[in-house]
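Each chain gets a letter, A, B and so on, in the order its sequence line appears, and its residues count up from 1. The structure displayed is predicted, hence computed values, not measured ones.
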There are 2 protein chains.
Amino acid sequence: MTMPAAERLGLEIKRAEQELMSAKQAALREAGLTVGQYAALFALAEQPGISGAALARACLVTPQNMAAVLKVLEGRGLVERAAHSLHQHVLETRLTPQGTRLLGLADRRAVEIERRLAAAFTAQEAAQLRDLLNRASAAIRGEPPQAG
Amino acid sequence: MTMPAAERLGLEIKRAEQELMSAKQAALREAGLTVGQYAALFALAEQPGISGAALARACLVTPQNMAAVLKVLEGRGLVERAAHSLHQHVLETRLTPQGTRLLGLADRRAVEIERRLAAAFTAQEAAQLRDLLNRASAAIRGEPPQAG
DNA sequence: TGATGAGAATCAAATTTTTGATAAACGTAC
DNA sequence: GTACGTTTATCAAAAATTTGATTCTCATCA
């Protein structure tokens, strides 16, 4: 290998995220939601009426994947979809009252983990981590350093 | 929601990792490997002869998932499995020369991304990010802050 | 008006991953 | 030596995710 594993920041990020998702997955299971379903509901709470394609971008999954997720959520009565009034081919998706309720339940579980995470850092350290992760994202997307 | 999305470090970590994996996935595709297959080969290069279960733990996936990955890799002649000399029920897995070669090819692609990442930080910042991520992992696993 | 292109949705198939359950091999304690 | 617990491997089924391709709607422009 041309680069030692210990130097690879990407592996560190991946490992931390996998442990985090494993914990969230276990927490959300009690609410009957997968991480992907929870992410979709969460995004819908912030952006009601968003299209499936936009929702897919917000959750960083493929449109087909999001379509499958929405199909399950709709089947459970957690979301409802209706044609956009102006653009007929676009389906606006919104949380139902049940969806809002279940999201609230699941989110309490998720927030427990977020709090454990937040408790491990000072406000300054948390801001630092946020900044470093944002710069990592920018670097992955190909943006030159210090350009933002 | 009881906690604003902007405050949630977990979401930041997840987003950064998803962008990172998306980039790695695209890079590894040219070598014909998924991220999971690459992770298994990578771990095998560092720990030859490891058991499937141990490999699963190293890659943070389920044993069944790793078994499926190894089945594909073995079918392609990238790894070979043989019974442990002392413990008959354990299968030791090792890279074949072909597996080593393909891993090298794939890893060059992966390292390109790691270098982009590394270039975004000073040595001190990289160490800081590593430290913060390790503490995040510890917090997720339930270890109290400052205990390590 | 008509052609072109972009964004959105969806069908279909293959692959990956998870979940649940079962069986084999070994170490340890009784 | 026998029972018990741990680790490993695997079978089987379900669910999630990816990939490729097609269709529909609308905006833009010639």
Applying the 4.5 Å side-chain criterion to the ILVMFWY set and letting contacts propagate, would [X] and [Y] be lumped into a single cluster?
X: Leu60(B); Y: Leu73(B); result: no
X: Val79(B); Y: Val90(B); result: no
X: Met21(B); Y: Leu133(B); result: yes

So, do Glu92(A) and Arg81(A) sit near enough that their side-chain heavy atoms are less than 4.5 Å apart?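 Sidechains of Arg81(A) and Glu92(A): no contact.
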State, with a plain yes or no, whether a side-chain heavy atom of Arg135(A) is found less than 4.5 Å away from one of Glu125(B).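 A side-chain contact under 4.5 Å exists here.
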Between [N] atom [atom2] and [X] atom [atom1], what is the distance in whole Å?
X: Asn65(A); N: dT17(C); atom1: CG; atom2: P; value: 13 Å
X: Gln25(B); N: dT15(C); atom1: CD; atom2: C1'; value: 12 Å
X: Met21(B); N: dT17(C); atom1: CE; atom2: P; value: 12 Å

With a 3.5 Å distance limit and no angle check, can you tell me whether Gln47(A) reaches the backbone of Leu44(A) through a side-chain donor-acceptor pair?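 A pair under 3.5 Å: no.
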Quick one: how far along DNA chain D does chain B reach, first to last nucleotide 5' to 3', anything under 4.0 Å to a heavy atom? dT8(D) to dT19(D)
Less than 4.0 angstrom from a charged side-chain N to a carboxylate O is my criterion; do Glu114(A) and Lys24(A) meet it?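 Lys24(A) and Glu114(A): salt-bridged.
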Using a cut-off of strictly less than 4.0 Å between a heavy atom of the residue and any atom of DNA chain C, enumerate the qualifying residues of residues 32-42 of chain B by number. Thr34(B), Gln37(B)
Contact check, residues 70-84 of chain A vs DNA chain D, heavy-atom distance under 4.0 Å, returns none
Would you please name every residue forming a side chain to side chain contact (heavy atoms under 4.5 Å, CB included) with Asn134(A), sequence neighbours left out?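 Expected list: Glu12(B), Arg15(B).
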Show every ring pair (Phe, Tyr, Trp, His ring centres under 6.0 Å) that has at least one partner inside residues 27-55 of chain B, sequence neighbours left out.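 Found Tyr38(B)-Phe42(B).
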5' to 3', nucleotides 20-29 of chain C under a 4.0 Å protein heavy-atom cut-off (B base, S sugar-phosphate only, - none) gives BB--BSS---
Considering heavy-atom distances to DNA chain D, does Val61(A) or Leu91(B) have its closest nucleotide positioned more toward the 5' end?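 On the 5' side of the pair lies Leu91(B).
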Search all heavy atoms of Ala31(A) against all heavy atoms of Leu102(A) and return the closest pair with its distance. O-CD1, 3.5 Å
